[in-house]
Amino acid sequence: MSTGKPPSATRTAIWNVQRLFGSVGLAAHRQLFMQLVLREIAGRYRGSTLGILWSMLTPLLMLGIFTFVFGSVFRSRWAGSADHTSTGDFSVILFTGLIVFQLFSEIVTKAPTLVLSNSNYVKKVVFPLEILAPGAVGSALFHAAVSFAVLLVIKLAVSGSIPLTAFLLPIVLAPLVLLCLGLSWFLSSLGVYYRDINQILGTLVTALMFLSPIFYPISALPAWLQTWLVFNPIALPVEQARNVAVFGNQPHWPPLVIYWIVSCLIAWLGYRWFQKTSKGFADVL
């Protein structure tokens, strides 16, 4: 099956992303960026016996739990998909949505305390505070990549093959990462001035999980409600990731291109907001 090529609008969006990272100075600070990512990854497993092996064991445990609960206890099947009715297929479909949600959740819920937990860097003039958000995003991407690797292995075991369209996952998920990066810049700045935002955000993210097509397809919702999902930031990435990684379908390019454009805008606005508000961090902290 041919994976196809993204339309020119998507390639233009990718070029705009390169310009954004150029303005952030990510290339100039790439060594610092890598150190932050490695520190975030190592910090999560510091002191544990199995260490970084938990990054692989955690998604396997999640998959086993959801397979038992939804496949064996509730005997759930994916609505409208006659080719994916077994417990194993349902688990793979469900797990795909959970990985995408976990990527979003890990970045967004950590953002409000990002600057607060690194307050010792605020008064260091030479330290680029804007690199903290990309560092946290890079750590979340590492765990998402491990989870997707586990997913594809399980998909191969269940179905006997992995669709070629799975190679389009980076194109499908990149705009979500950009959107999360913009939100991370915005929320990390806002969290310095309003400490309660982290408590509110946790509840909102939990609600978002059940309002997203993770446990059900969008087609299972009433037509009038489906139109409102356009405002759900993870609805489209969940559906698109499922299409390319599980069902072997091409991405739905028109909404994906729009999502790319919106994500680029949010990333740029989040960065500009962070730049403008970071000047007052030292006074607050």
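Just so it is clear, the structure is predicted and the values come from calculations on it, not from any experiment. Index from 1, following the sequence.
Within 6.0 Å of CG in Asn120 there are more than 12 heavy atoms belonging to other residues, nucleotides or ligands. Taking a 6.0 Å sphere around OH of Tyr194, one finds it holds 12 or fewer heavy atoms contributed by other residues, nucleotides or ligands.
Here the OG-CH2 distance, from Ser278 to Trp185, works out to 12.0 Å after rounding to the nearest 0.5 Å. With values rounded to the nearest 0.5 angstrom, Ile131 atom CD1 is found 12.5 Å from Asn118 atom CG. The structure places OG1 of Thr203 at 12.5 Å from CG of Leu208, a figure rounded to the nearest 0.5 Å. To the nearest 0.5 Å, atom CG of residue Leu236 and atom CG of residue Asn243 are 9.5 Å apart. Between atom CZ of residue Phe148 and atom CG of residue Leu103 there is a gap of 7.5 Å, rounded to the nearest 0.5 Å. Atom CD1 of Ile154 is separated from atom CG of Leu156 by 9.5 Å, given to the nearest 0.5 angstrom.
Proximity of Ile234 to Leu176: side-chain heavy atoms (C-beta onward) are separated by under 4.5 Å at one or more points. Within the 4.5 Å cutoff, the side chain of Leu98 has heavy atoms near those of the Phe215 side chain. Two residues are said to be in side-chain contact when any heavy atoms from C-beta on lie closer than 4.5 Å; Leu179 and Tyr259 meet this criterion. Using a 4.5 Å heavy-atom threshold, the side chains of Ser189 and Tyr193 count as touching. No side-chain heavy atom of Pro163 sits under 4.5 Å from any side-chain heavy atom of Val244. Between Ile171 and Pro251 the shortest side-chain heavy-atom distance does not fall below 4.5 Å. Annotation: side chain of Arg195 is in contact with side chain of Val284 (closest heavy-atom distance under 4.5 Å). In this structure, Leu132 and Phe127 have side chains that are in contact, with non-hydrogen atoms separated by less than 4.5 Å.
Follow the hydrophobic side-chain contacts under 4.5 Å out from Ile93 and you reach Leu60 in the same cluster. Using a 4.5 Å cut-off between side-chain heavy atoms of Ile, Leu, Val, Met, Phe, Trp and Tyr, with links allowed through other members, Phe101 and Val230 fall into the same hydrophobic cluster. Linking Ile, Leu, Val, Met, Phe, Trp and Tyr residues whenever their side-chain heavy atoms come within less than 4.5 Å places Met34 and Leu114 in a single cluster. Ile99 and Leu152 fall into different hydrophobic clusters, where Ile, Leu, Val, Met, Phe, Trp and Tyr residues are linked whenever their side-chain heavy atoms come under 4.5 Å apart, directly or through other members. Ile162 and Phe247 are assigned to two separate hydrophobic clusters, defined by single-linkage of ILVMFWY side chains at heavy-atom distances under 4.5 Å.
Here the shortest heavy-atom pairing between Leu178 and Cys264 reads CD1-SG, 4.0 Å. The two residues Ile214 and Met209 have their closest heavy-atom pair at CD1-O, 3.7 Å. Nearest heavy-atom pair across Val115 and Ser188 is CG2-O, 3.8 Å. Scanning all heavy atoms of the two residues, the minimum distance from Pro175 to Ser263 falls at O-OG, 2.9 Å. Of all heavy-atom pairs between Pro134 and Leu181, the closest is N-CD1, 3.7 Å. Smallest separation of non-hydrogen atoms from Leu169 and Ala245: CD1-CB, 4.0 Å.
Sorted by first and then second residue, the side chain to side chain donor-acceptor pair (under 3.5 Å) pairs with a member in residues 99-109 read Arg44-Glu106; sequence neighbours excluded.
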Would you please test Phe104 and Val100 for side-chain contact (heavy atoms from CB on, under 4.5 Å) and show each step?
CA-CA 6 Å; Phe104 174 85; Val100 176; 5.9 Å; no

* Checking side-chain contact (heavy atoms from CB on, under 4.5 Å) for the pair Leu229/Ile218: CA distance, chi angles, key distance, verdict? -> CA-CA 8 Å; Leu229 282 183; Ile218 291 180; 3.7 Å; yes

side-chain contact (heavy atoms from CB on, under 4.5 Å) between Ser184 and Val108, worked out: CA-CA 6 Å; Ser184 184; Val108 171; over 6 Å; no

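Ring geometry for Phe274 against Phe281 counts as perpendicular: the plane angle is over 60°, on a 0 to 90° scale with 30° as the lower cut.
A donor-acceptor pair under 3.5 Å links the side-chain atoms of Thr227 to the main chain of Trp224, judged by distance alone. The backbone N or O of His252 sits less than 3.5 Å from a side-chain atom of Gln240, completing a donor-acceptor pair. Between the Asp89 side chain and the Val158 main chain, no donor and acceptor come within less than 3.5 Å of each other. Looking at Lys110, its side chain never comes within 3.5 Å of a backbone N or O of Ala136 through a donor-acceptor pair.
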